[in-house]
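Before any comments, here is the structure.
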Number of protein chains: 2
Amino acid sequence: MKPRKPRPAAPPRFDIGERLRDLRERLGLSQRALATRAGVTNGMISLIEKNRSSPSVATLKKILDGFPMSLAEFFSVGQPEPPRIFFSADELVEIGGGAISYRQVGANLQGKALQLLHERLQPGADSGAAMLRHDAEEGGIVVRGELELTVGLETRRLRAGDAYAFSSRIPHRFRNLGREVCEIVSACTPPSF
Amino acid sequence: MKPRKPRPAAPPRFDIGERLRDLRERLGLSQRALATRAGVTNGMISLIEKNRSSPSVATLKKILDGFPMSLAEFFSVGQPEPPRIFFSADELVEIGGGAISYRQVGANLQGKALQLLHERLQPGADSGAAMLRHDAEEGGIVVRGELELTVGLETRRLRAGDAYAFSSRIPHRFRNLGREVCEIVSACTPPSF
DNA sequence: TAGCGGCGTTTAGTATATTAAGCAAGCACG
DNA sequence: CGTGCTTGCTTAATATACTAAACGCCGCTA
C-alpha cells in the first residue's frame with residue numbers, strides 16, 4: 001500500500017472550508033478581518049474556504065484563535081457522537097414495573113425543574129440497556145445494597161454511600177446483581193417523565 | 001469593522017508530536033506500521049513526532065485513521081475532561097464540617113444543572129432560620145433518623161422514607177430534634193453553591 | 001563472525017501550503 | 001462621473017510539508 005499517486009484533493013467527509021466559512025460569516029467577519037486577527041493572510045483564508053489549500057494544523061489553529069475556538073470544538077461538529085454500542089432497542093424500559101419500583105417525590109412535575117426518585121431494585125433487577133433521554137442531567141446516591149451501573153462504555157459497582165452523576169443522553173443501565181434489595185435516591189433535571 | 005487585535009491568548013500549547021507518539025506507542029505500533037496503515041511515509045511520522053514538521057490537517061487525519069481515531073478525539077485531550085460519572089463514598093467532597101455535614105457528588109459544578117448532596121445532621125443540629133437562595137428548586141428524601149423541616153410557615157417532622165420538595169426562594173430550616181443522627185439525600189437545581 | 005530484519009532517524013528532492021501583491025466588482029460620497 | 005474603501009479572488013514567489021531512500025542502531029540466528 002505505497003502512497004504513490006498524488007493527493008486527490010482529499011475526500012472531505014468533513015468540509016473544512018465550508019465549516020470555516022460558516023463560522024466566519026456567522027461572526028460577521030470578513031476574510032481580511034479574520035486573517036488579521038489570526039495572523040495569516042486573507043488569501044490563505046480564501047484558499048482554505050474554497051478547499052484549494054489544505055491548511056496545516058498550526059495554521060488552522062492560528063485561524064481558530066481568531067474566533068476564538070479550539071481545534072477540538074472545530075472538529076467536534078457533526079462528529080461521531082458517542083457510539084451507542086450496547087443499544088438494544090427491543091428492550092423497552094418500564095420503570096415502576098416489576099423488579100424496579102420507584103417512588104417519585106411530587107405528583108405533577110409539569111413546570112418543575114427537579115425530579116426526585118426513591119428507587120428499589122429487587123435482586124436481579126435490570127433497567128434495560130437504553131434510556132436515551134433528552135437533554136437532562138441525573139445523579140444518585142446508593143443508600144443500601146449494591147448497584148451495577150453502566151454509563152456509556154463504563155461499568156462500575158457501587159455500594160452504599162457511593163454516588164454517580166452523568167448526562168442523561170448517554171445510554172445507561174442499572175442492575176442489581178446482589179442478593180439484597182438495592183435502594184438508591186436519584187435526581188433528574190429536568191424531569192424525564 | 002476594524003479588526004481590533006485581540007490577544008491570541010495562547011491556550012495550553014498542544015504538543016502534537018508528543019500526543020501522536022504516545023498514542024502510537026500505546027497501541028504498540030511501529031512508525032512504519034502506522035505509516036502503512038495511514039498511507040504516509042514512516043519518515044513523516046518521525047518528523048511529526050519530533051515536531052520537526054507541522055502536519056496538514058489532511059495528513060494528520062490520514063494518520064489518525066490508522067488508529068483509528070477522529071480529529072475531535074485527538075484534540076480533545078487536555079481539553080475540559082469528560083465529567084466524572086462514578087463517585088465512591090470517600091470521594092464525595094465534604095462541604096460543611098460541624099453539626100451538619102454535606103457530602104457533595106462531584107466537585108466542579110460550574111455549568112452543571114444538578115447538585116446532589118448526602119447530608120448528615122447530628123442530634124440537635126440546626127441549619128439556622130433563613131437561607132434565601134436564588135431561583136432554584138430543591139428536594140430530598142430522609143434516609144435515616146428524623147428531620148424537622150420548616151418551609152415558609154409550615155413545619156413538619158419527617159422520618160426515614162419521607163420526602164420534601166419546594167422552591168428554594170422560600171425561607172427554610174432543617175433541624176434534627178431526635179437523639180439519632182439524621183441522614184438525607186437532597187438535590188438542588190441549579191446548584192446553590 | 002556475518003548477515004538478516006526490525007527499529008527510529010535523517011537527508012535531498014519535489015509537491016504544496018503560505019505569503020505578498022494585484023485584480024475586478026460592489027457600495028458610498030461628492 | 002471619479003475617488004476611496006470595502007469585499008472575495010487570483011497569481012508569482014517563497015517557505016515548508018511530504019516522499020523516497022539511505023543511514024545507524026539493536027537483537028536476532030546461523
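The analysis underlying the following values was restricted to heavy atoms, covering all of them including side chains, and did not include hydrogens, waters or symmetry mates. Please read all numbers here as calculations on a predicted model, not as lab measurements. Throughout, protein chains are lettered first and strands after them, A, B, ... in sequence-line order, and every chain is numbered starting at 1.
The side chain to side chain contact (heavy atoms under 4.5 Å, CB included) check on S30(B) picks up R32(B), A33(B), with sequence neighbours excluded. Under the rule for a side chain to side chain donor-acceptor pair (under 3.5 Å), the partners of E148(B) that lie at least two apart in sequence or sit in another chain are R175(B). Under the side chain to side chain contact (heavy atoms under 4.5 Å, CB included) criterion, R179(A) pairs with no residue at all, not counting sequence neighbours. Residues passing the side chain to side chain contact (heavy atoms under 4.5 Å, CB included) test with E146(B) are R157(B), R159(B), sequence neighbours excluded. Checked against salt bridge (charged side-chain N to carboxylate O under 4.0 Å, His left out), R144(A) has the following partners two or more places apart in sequence or in another chain: E183(A).
Dashed line: the shortest gap from a side-chain N or O of S56(B) to OP1 or OP2 of dC18(D) is under 4.0 Å. Within the structure, every side-chain polar atom (N or O) of S54(A) is placed at least 4.0 Å from both OP1 and OP2 of dT16(C).
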Could you run down the sub-3.5 Å N/O contacts of the protein with nucleotides 9-13 of chain C?
from: dT9(C); atom 1: OP1; to: K50(B); atom 2: NZ; distance (Å): 3.4
from: dT9(C); atom 1: OP2; to: R21(B); atom 2: NH2; distance (Å): 3.0
from: dT9(C); atom 1: OP2; to: Q31(B); atom 2: NE2; distance (Å): 2.8
from: dT9(C); atom 1: OP2; to: S46(B); atom 2: OG; distance (Å): 3.1
from: dT9(C); atom 1: O4; to: N42(B); atom 2: ND2; distance (Å): 3.1

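In this structure, E25(A) atom CD and dG8(D) atom C1' are separated by 11 Å, rounded to whole Å. Between the P atom of dT18(C) and the NZ atom of K61(A) lies a distance of 15 Å, rounded to the nearest Å. For the pair I48(A) CD1 and dG8(D) C1', the interatomic distance rounds to 15 Å; values are reported in whole Å. Note: NZ (K62(A)) to C1' (dT16(D)) measures 12 Å, nearest angstrom. Distance, L34(A) CG to dT7(D) P: 12 Å, rounded to whole Å.
No continuous path of hydrophobic side-chain contacts links V181(B) to F174(B) [ILVMFWY only; heavy atoms under 4.5 Å].
S30(B) comes within 4.0 angstrom of the backbone, heavy atoms only, and of no base.
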